[in-house]
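These figures come from a predicted structure and were not determined experimentally. We name chains A, B, ... by the order of the sequence lines, and we start the count at 1 in each one.
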There are 2 protein chains.
Amino acid sequence: MKARIDQIKNELHTQSYKLTPQREATVEVLLENEEDHLSAEDVYLLVKEKAPEIGLATVYRTLELLNELEIVDKINFGDGVSRYDLRKEGANHSHHHLVCIQCGSVSEIEEDLLGDVERKVEEEWIFKIKDHRLTFHGICSRCQTEQGTEAETPSLKAAR
Amino acid sequence: MKARIDQIKNELHTQSYKLTPQREATVEVLLENEEDHLSAEDVYLLVKEKAPEIGLATVYRTLELLNELEIVDKINFGDGVSRYDLRKEGANHSHHHLVCIQCGSVSEIEEDLLGDVERKVEEEWIFKIKDHRLTFHGICSRCQTEQGTEAETPSLKAAR
DNA sequence: GTATCTGCAAAGAGTTTGCAGATGG
DNA sequence: CCATCTGCAAACTCTTTGCAGATAC
C-alpha cells in the first residue's frame, strides 16, 4: 500500500501535476477504502477527517484528474451518483460488480470473465474494445440466507 | 409493431393504470426509435411533435412507470443522463451495448453472450442473478476505417 | 516567481415534487 | 364520479465553474 501510494504520486509528478496535501489525502482515502465504491460526497467526508479545510469542489477536481490518469474508474450503478473505484495495479480493464437489489451491497469480481466474450465481439462486430463495464444485479449470498434484510448501505439509493 | 403497442397498452390496463394520450404518444415514440437510446429530453422533444401540450415531468413519470413495469430499461453510459431502452419482447435480460469512444455512437448486441459467465458467477459467488448490464467501450467499425471522424451524436457527451 | 491549485459561492444540468385543475374508466 | 393523471413551476441533488487568494516546485 505504501508502494502503491508512491506509485500514484510518481504518476502525478511525471505528468507534471502538483502533489498537494489535498490530493495526497484524497488518494489515501481511496486506498484505505478500496472495497467501497465511494461517491464524491463519501470521499469528501472521509478526506475532511484528515484535512478539514478541503472543499467538495477540490474532491471533484481530484477525482476527475485521477480518472483521466486511469488511476480510478468512474462508475455508475444507476442511482444518481458517480462512484470512484481504484484500478488494480496494472489492470487495464475495469473489474466486475455484483449489486444486491435487496440490501444494496456491492462486491467485486477481480477475475476477468470476459476473455472469450470479448474475442467474439471484436471479431463479429468489428469493434476494438478498450474497456468494459459489467454489473450483475441480483440477490447476494447473505440476503439469500438471511431472509428480508433491509438496506445496509443507505448511501446507495435503490436504482430507480 | 402494432401488436407490440397493444401488448403494452394491455400491460398498463392489467395493472390498472390509465391509458392517457400522453402515455400512448410516449410509447409510440419509444417504439419508433427502438434503436436510439433516447434520453428523457430526447423523448420529450419527439413526443412534443405528436402531443405539443405534454410536459417534461410527465415524460419522466411515464418513463419511470414503464421502467417499473419492465417495459423499458433505464440505462446509463456515464454521461450525465439516463437513457431509456425498450426491452425486446419477452426478454428478461437487458441486452448489451457497444459505445464508441470516438464518435459516441451506441449499438446493440441482442445475442445473450453471458450464459456461461452467469452460470459461473451464480455458482462461485452464490449470487442469484436477476439482471445484468454489459457495455463495451471502444472504437466502432466505422471509426476504425474512417480515420478521425468527429462526434456524430452530440447528445452523448463524452463520458468524463 | 509563477503557473497551478484551492476554497467558496454561485451557476448549471438533470430529475423530482407539490399543487390545482383535467380526465379516463 | 373520483382516483389517477397532467402541466407548470419551484425545489432538489449532483456536479461544474469563475474568481481571488494561496502554494508547490
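Heavy atoms of A:E53 sit under 4.0 angstrom from primed sugar atoms or phosphate atoms, though from no base atom. Looking at heavy-atom distances under 4.0 Å, A:P21 makes contact with sugar-phosphate atoms alone, never a base.
You'll find the ring centres of B:F77 and B:H97 inside the 6.0 Å limit.
Both B:S82 and A:T20 sit near DNA chain C, but only A:T20 has its closest nucleotide nearer the 5' end.
A heavy-atom distance below 4.5 Å is found between the side chains of A:V59 and A:I54.
With rounding to whole Å, B:L56 atom CG is found 14 Å from C:dA13 atom P. Across the protein-nucleic acid pair, A:E68 atom CD and D:dT16 atom C1' stand 14 Å apart, rounded to whole Å. Nucleotide C:dG24 holds its C1' atom 5 Å from the NZ atom of B:K18, rounded to whole Å. For the pair B:L63 CG and C:dG14 P, the computed distance is 15 Å after rounding to whole Å. Atom C1' of nucleotide D:dG7 and atom CZ of B:R23 are separated by 14 Å, given to the nearest angstrom. Look at CD1 on A:I54: it is 14 Å from P on C:dC5, rounded to the nearest Å. When rounded to the nearest whole Å, the span between OH of B:Y44 and C1' of D:dC8 equals 10 Å. One can place OH of B:Y60 at 13 Å from P of C:dA13, the figure rounded to the nearest angstrom.
Residues B:D85 and B:R87 are not paired through a salt bridge, judged by the lack of any N-O separation under 4.0 Å between the basic side chain and the carboxylate. In this structure, B:R4 does not pair ionically with B:E34, as no charged nitrogen and carboxylate oxygen lie closer than 4.0 Å.
Close to D:dT16, at under 4.0 Å from its OP1 or OP2, lies no side-chain N or O of A:R61. The side chain of A:Q22 contributes no N or O atom lying less than 4.0 Å from OP1 or OP2 of D:dA24. Within the structure, every side-chain polar atom (N or O) of A:H13 is placed at least 4.0 Å from both OP1 and OP2 of D:dA24.
Between A:K50 and the choices A:E28, A:E24, A:Q22, the side chain to side chain donor-acceptor pair (under 3.5 Å) rule is met once, by A:E28.
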